[in-house]
Amino acid sequence: MTTDHTDRLEAYILEHTTPESELRAHLSREAHVRLLRARMLSGHLQGNLLQMICRMTHARQVLEIGTYTGYAAHCLAEALPEDGEVHTLESDDEMEDFIREFVAQAPYRDRIHLHLGDALELLPKLLEKYSFDLVYIDANKRQYIDYYELILPHLPSGAIILADNTLWDGKVVAEPLPTDAQTQAILAFNDWVQQDPRVENLILPLRDGLSLIRKL
């Protein structure tokens, strides 16, 4: 499939997908103007998938590891009932002003709770206090297994974990396999989940790969 055909197919898909909100579109535009790594943002299609999963699972308490711009947190918060909450964790405190700027504009802003710091240090207290039914992981790839093992025992049966970037730009099937720490961590995480009898799982070939993991 040529690049031109892929681009046209992606455009067609977006034309036949429910539009993103004006605020999400504005956030995306500003991220591409003001930030160096704006391509890390979840984006329209994946954002709508997060919303769909959130609504289909009737989630009320959502945990996000890796806020970045807050785009995904907006997608999830939009889909929650009025008493729902998104607890989103971000290690880069330099992103705080950007995140809060757009959360402040959202009609659902009271549903989004930003926690700054190391996720592995923040998670124990949050997991003790809240019962999460949907988790979205998009943070340090080298710590995916650590996040997973810390979170999974606290989730109820039927809870969903979504893990982003699990195809890692196709590097998971490259020959020879890359030896960098990030790729090796993604490979290890995918194998870890595949061998875990506590869950059922699949990888969607959406953007950079999105794993759907359901606790049995």
Side-chain angles (χ1 to χ4, degrees), residues 1-56 59 62-82 84-117 119 134-141 162-170 182 204-212:
M1 189 178 295
T2 66
T3 301
D4 179 62
H5 187 271
T6 300
D7 290 345
R8 286 189 286 114
L9 187 58
E10 182 175 346
Y12 179 86
I13 290 169
L14 290 175
E15 288 168 2
H16 294 81
T17 297
T18 301
E20 60 188 341
S21 68
E22 290 185 11
L23 179 57
R24 282 167 53 196
H26 178 49
L27 188 161
S28 180
R29 287 192 300 271
E30 287 298 302
H32 282 82
V33 171
R34 294 158 55 181
L35 304 176
L36 293 175
R37 297 173 295 162
R39 66 182 297 272
M40 291 171 47
L41 181 148
S42 296
H44 179 185
L45 184 60
Q46 184 164 316
N48 279 34
L49 177 62
L50 296 178
Q51 281 195 335
M52 188 78 74
I53 292 171
C54 192
R55 290 190 172 109
M56 290 170 66
V62 178
L63 173 65
E64 178 187 32
I65 304 176
T67 313
Y68 188 42
T69 63
Y71 186 95
H74 283 267
C75 297
L76 294 162
E78 282 180 14
L80 289 173
E82 288 191 10
E85 295 179 312
V86 178
H87 290 269
T88 181
L89 283 56
E90 176 55 47
S91 62
D92 184 359
D93 58 8
E94 291 186 359
M95 290 301 302
E96 181 178 7
D97 289 346
F98 188 95
I99 295 165
R100 293 197 187 280
E101 175 184 341
F102 289 92
V103 169
Q105 299 176 46
Y108 44 78
R109 57 186 170 272
D110 292 340
R111 299 176 203 160
I112 299 177
H113 305 281
L114 175 64
H115 305 267
L116 294 168
L134 179 61
V135 179
Y136 178 48
I137 302 174
D138 185 14
N140 187 342
K141 313 311 169 194
L162 306 171
D164 204 3
N165 306 117
T166 49
L167 294 180
W168 203 228
D169 201 29
Q182 297 275 62
L204 290 175
L206 175 67
R207 296 188 75 215
D208 205 16
L210 182 69
S211 289
L212 276 66

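These numbers come from a predicted model, not from an experiment.
Minimum heavy-atom separation, Ala72 to Ser42: CB-OG, 3.5 Å. Contact detail for Thr17 and Ile13: the closest heavy-atom pair is OG1-O, 2.7 Å. Heavy-atom minimum distance, Ser28 versus Tyr71: CB-CE1, 4.3 Å. Among all heavy-atom pairs drawn from Gln46 and Leu210, the shortest one is NE2-CD1, 4.3 Å. Residues Ala119 and Ile65 approach most closely at CB-CG2, 3.8 Å, considering heavy atoms. Across all their heavy atoms, Ala59 and Val62 have their closest contact at CB-CG2, 4.1 Å.
Residue His32 holds its NE2 atom at 9.5 Å from OG1 of Thr69, rounded to the nearest 0.5 Å. Expressed to the nearest 0.5 Å, how far CD of Glu78 lies from CG of Leu50 amounts to 11.0 Å. With values rounded to the nearest 0.5 angstrom, Glu85 atom CD is found 11.5 Å from Ile112 atom CD1. In this structure, the separation between CG on Leu41 and CG on Leu27 is 6.5 Å, given to the nearest 0.5 Å. Here the CG atom belonging to Leu49 is positioned 11.5 Å from the NE2 atom belonging to His44, to the nearest 0.5 angstrom. Note: Phe98 CZ to Glu30 CD = 6.5 Å, rounded to the nearest 0.5 Å.
Listed for the Gln105 side chain is a donor-acceptor partner under 3.5 Å among the backbone atoms of Glu101. Panel note: side chain Ser211, backbone Leu162; no donor-acceptor pair is recorded below 3.5 Å. In this structure, Gln51 contributes its side chain and Ala79 its backbone to no donor-acceptor pair below 3.5 Å. Judged by distance alone, with hydrogens and angles left aside, the side-chain atoms of Arg109 form a donor-acceptor pair with the main-chain N or O of Ala106 at under 3.5 Å.
Side-chain contact check for Ile99 versus Thr88: every heavy-atom pair is 4.5 Å or farther apart. Between Leu89 and His115 there is a side-chain heavy-atom pair separated by less than 4.5 Å. Looking at heavy atoms from C-beta onward, Trp168 lies in side-chain contact with Asp208 at the 4.5 angstrom threshold. Looking at heavy atoms from C-beta onward, Asp92 lies out of side-chain contact with Tyr68 at the 4.5 angstrom threshold. Looking only at side-chain heavy atoms (C-beta outward), Val103 and Leu114 stay at 4.5 Å or farther from each other.
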Might you work through the side chain to side chain contact (heavy atoms under 4.5 Å, CB included) test for Leu35 and Met95, ending with a clear yes or no?
-> CA-CA 10 Å; Leu35 304 176; Met95 290 301 302; 3.9 Å; yes
Check the pair Asn48 / Arg24 against side chain to side chain contact (heavy atoms under 4.5 Å, CB included), numbers first and verdict last.
-> CA-CA 11 Å; Asn48 279 34; Arg24 282 167 53 196; 2.8 Å; yes
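Partner Asn165 forms a side-chain hydrogen bond (donor to acceptor under 3.5 Å, both in side chains) with one of Arg207, Lys141, Gln182 and no other, that one being Lys141.
Shown here is Arg39, whose CZ atom has no more than 12 heavy atoms of other residues, nucleotides or ligands within 6.0 Å. Remark: Arg34 CZ is packed, more than 12 non-hydrogen atoms of other residues, nucleotides or ligands lying under 6.0 Å away.
Note on ring orientation: taking the six-membered ring where Trp is involved, the planes of Tyr108 and His74 are perpendicular (angle over 60°, cut-offs 30° and 60°).
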